[in-house]
Asker: 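Got a structure for you, written out below as structure tokens; questions coming shortly.
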Protein chains: 2
Amino acid sequence: MNETAERIVDLAELAIATKGYSAFSFREIAAHLDIKSASVHYHFPTKAHLGLAVAERYRARYEVALQQIAREQISPINALDVLVNIYRQQISGSERMTVCMMLAAEINQLPREIQLEMRAFYQLNITWLQALIQRQHPQLNVGAASIRARQIFALLQGAMMGAKTQKDEDYFEHAIQAVSILLNQ
Amino acid sequence: MNETAERIVDLAELAIATKGYSAFSFREIAAHLDIKSASVHYHFPTKAHLGLAVAERYRARYEVALQQIAREQISPINALDVLVNIYRQQISGSERMTVCMMLAAEINQLPREIQLEMRAFYQLNITWLQALIQRQHPQLNVGAASIRARQIFALLQGAMMGAKTQKDEDYFEHAIQAVSILLNQ
DNA sequence: GTCTATAATTTGATAGAC
DNA sequence: GTCTATCAAATTATAGAC
């Protein structure tokens, strides 16, 4: 992927995170780059291709970031804090939601490949959280840890959605206070 | 609002909950009623009017339902269970998300009036939950109860989003197990 | 209250020149 | 790799007949 393609994906990611997949357009991306929409089609033949590129890169980055956290061998509590911070940074100080939240909400409207990519993103987060929970509670079995992981991830997603809807970053901070409650249960 | 207008709002609500505000169209609603889109415009001059009608009715129904639960004087735990059930019923056995979740995700794209309506819907739920939490924990101050309310509501929203994204109703059931954990903290 | 007809705009996408 | 030009379709919305 060359530099222009990369910038197209950057802008598409921002547009998806802010307006959603249904509402963003090739012409809008093109205008930001001072080129024509036909040129965007040169790099990504269809909207589905561009959307998939955004989703794939988004997941790949999380995969790297999550592995990085795991390698640092910090405590589960601190590791979870780092993850929360990654999400916090995405939404703070802007109208942006996250790619994950927007594509999750629009799941029924997405091309199949992007749907699968989103499910993989969810699974990546859940699996990582599950391992973290088992480090914190070595006696817990996989099933119980997986359930706890879903609770924490749901909380995180809901916290972001509420904060953006209410335009109130405290909403996020208040909601995620429950993350450590759930981790330590 | 006459019968046709009511059915238009019904279909618009389903369309918004399934595809979102950006993606639903007057023609689609009209087709389901075997009329033309111009006739839909007779009942609701603009898309913003129709969207607002959906949001207002949605909130009004919750207002009634929540008051009803409060009147029944059941325990906070059981009352919370009834609320969870209302959300569960909306999403179970279909591709539907909830109106609240879809409009929350699309908040940046919505006409101002619908944005305000959505914030009011959030506030309605939070306030109700806060009162419920204070019944369960009479010693808790308002601020702490409000924070706990946000946690529970975030969890509920995230649980629905995850279940629909993963097409896995167990995701919802697993995630909302944390509701009682948070209530009893 | 519903229709036909249509305007004005936007969108995803393609053909072909440069 | 970007452009012009264009297509086909969809969208919100309005005018005016019935």
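Residue numbering restarts at 1 for every chain, and letters A, B, ... go by the order of the sequence lines.
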Asker: Counting only side-chain nitrogens and oxygens, does A:Ser39 get under 4.0 Å of the OP1 or OP2 atom of D:dC3?
Answerer: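 The answer is yes; a side-chain N or O of A:Ser39 sits under 4.0 Å from OP1 or OP2.
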Asker: Between D:dC3, D:dA13, C:dT11, which one does the side chain of A:Ala38 approach most closely?
Answerer: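 Nearest to the side chain of A:Ala38 among the choices is D:dC3.
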Asker: The side chain of A:Ser25 is closest to which nucleotide in this list: C:dT2, C:dT11, D:dT4?
Answerer: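 So the side chain of A:Ser25 is nearest to C:dT11.
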Asker: Would you say A:His41 reaches C:dA15's phosphate, i.e. side-chain N/O to OP1/OP2 under 4.0 Å?
Answerer: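 Indeed not, no polar side-chain atom of A:His41 lies that close.
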Asker: Heavy atoms only: give me the nearest A:Glu169-A:Gly93 pair and the separation to one decimal.
Answerer: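 Here A:Glu169 and A:Gly93 meet closest at OE2-N, 2.8 Å.
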Asker: At their closest point, which heavy atom of A:Arg57 faces which heavy atom of A:Glu13, and how far apart are they?
Answerer: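 Closest pair (atom of A:Arg57, atom of A:Glu13, distance): NH2-OE1, 2.9 Å.
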Asker: Does the structure place the NZ or CZ of A:Lys47 under 6.0 Å from the centre of the six-membered ring of A:Tyr21, at an angle of no more than 45° from the ring's axis?
Answerer: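 Checked: cation-pi criterion met.
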Asker: Using a heavy-atom distance cut-off of less than 4.0 Å, which residues of residues 1-15 of chain A contact DNA chain C?
Answerer: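 Within this stretch, nothing sits under 4.0 Å of the strand.
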Asker: To the closest 0.5 Å, what do you measure between CZ (A:Phe172) and NZ (A:Lys164)?
Answerer: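 Going from the CZ atom of A:Phe172 to the NZ atom of A:Lys164 covers 10.0 Å.
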Asker: Evaluate the ring planes of B:Tyr171 and A:Tyr122, with Trp represented by its six-membered ring, and classify them as parallel (under 30°), tilted (30 to 60°) or perpendicular (over 60°).
Answerer: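 Rings of B:Tyr171 and A:Tyr122: perpendicular, over 60°.
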Asker: To the nearest angstrom, how far is A:Ile35 atom CD1 from C:dC18 atom P?
Answerer: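 Rounding to the nearest Å, CD1 of A:Ile35 and P of C:dC18 are 21 Å apart.
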Asker: Could you tell me how far apart A:Lys36 (NZ) and D:dT6 (P) are, to the nearest whole angstrom?
Answerer: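 So the NZ-P distance, A:Lys36 to D:dT6, works out to 15 Å.
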Asker: Rounded off to whole Å, could you give me the CD1-to-C1' distance for the A:Ile29 and D:dT2 pair?
Answerer: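 Interatomic distance, CD1 of A:Ile29 to C1' of D:dT2: 17 Å.
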Asker: Keeping A:Gln90 on the side-chain end and A:Arg96 on the backbone end, is there a donor-acceptor pair under 3.5 Å?
Answerer: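 A pair under 3.5 Å: no.
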Asker: Mind checking if B:Lys47 touches a base, just sugar-phosphate, or nothing, with heavy atoms under 4.0 Å?
Answerer: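 Answer is sugar-phosphate: B:Lys47 comes under 4.0 Å of backbone atoms only.
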Asker: Hey, does A:Phe26 reach any base, or is it just sugar-phosphate, or nothing, if we go heavy atoms under 4.0 Å?
Answerer: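 Sugar-phosphate, backbone atoms only, no base.
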Asker: Considering heavy-atom distances to DNA chain D, does A:Arg27 or A:His43 have its closest nucleotide positioned more toward the 5' end?
Answerer: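 By nearest-heavy-atom nucleotide position, the 5'-most residue is A:His43.
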Asker: Which of parallel (below 30°), tilted (30 to 60°) and perpendicular (above 60°) describes A:Tyr87 and A:Phe153?
Answerer: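 Rings of A:Tyr87 and A:Phe153: perpendicular, over 60°.
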Asker: Taking OH from B:Tyr42 and P from D:dT14, how many angstroms apart are they, rounded to a whole number?
Answerer: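 Atom-to-atom, B:Tyr42 to D:dT14, this comes out as 15 Å.
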Asker: Pick base, sugar-phosphate or nothing for B:Phe44, based on heavy-atom distances below 4.0 Å to the nucleic acid.
Answerer: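 Counting heavy atoms under 4.0 Å across all strands, no contact is made by B:Phe44.
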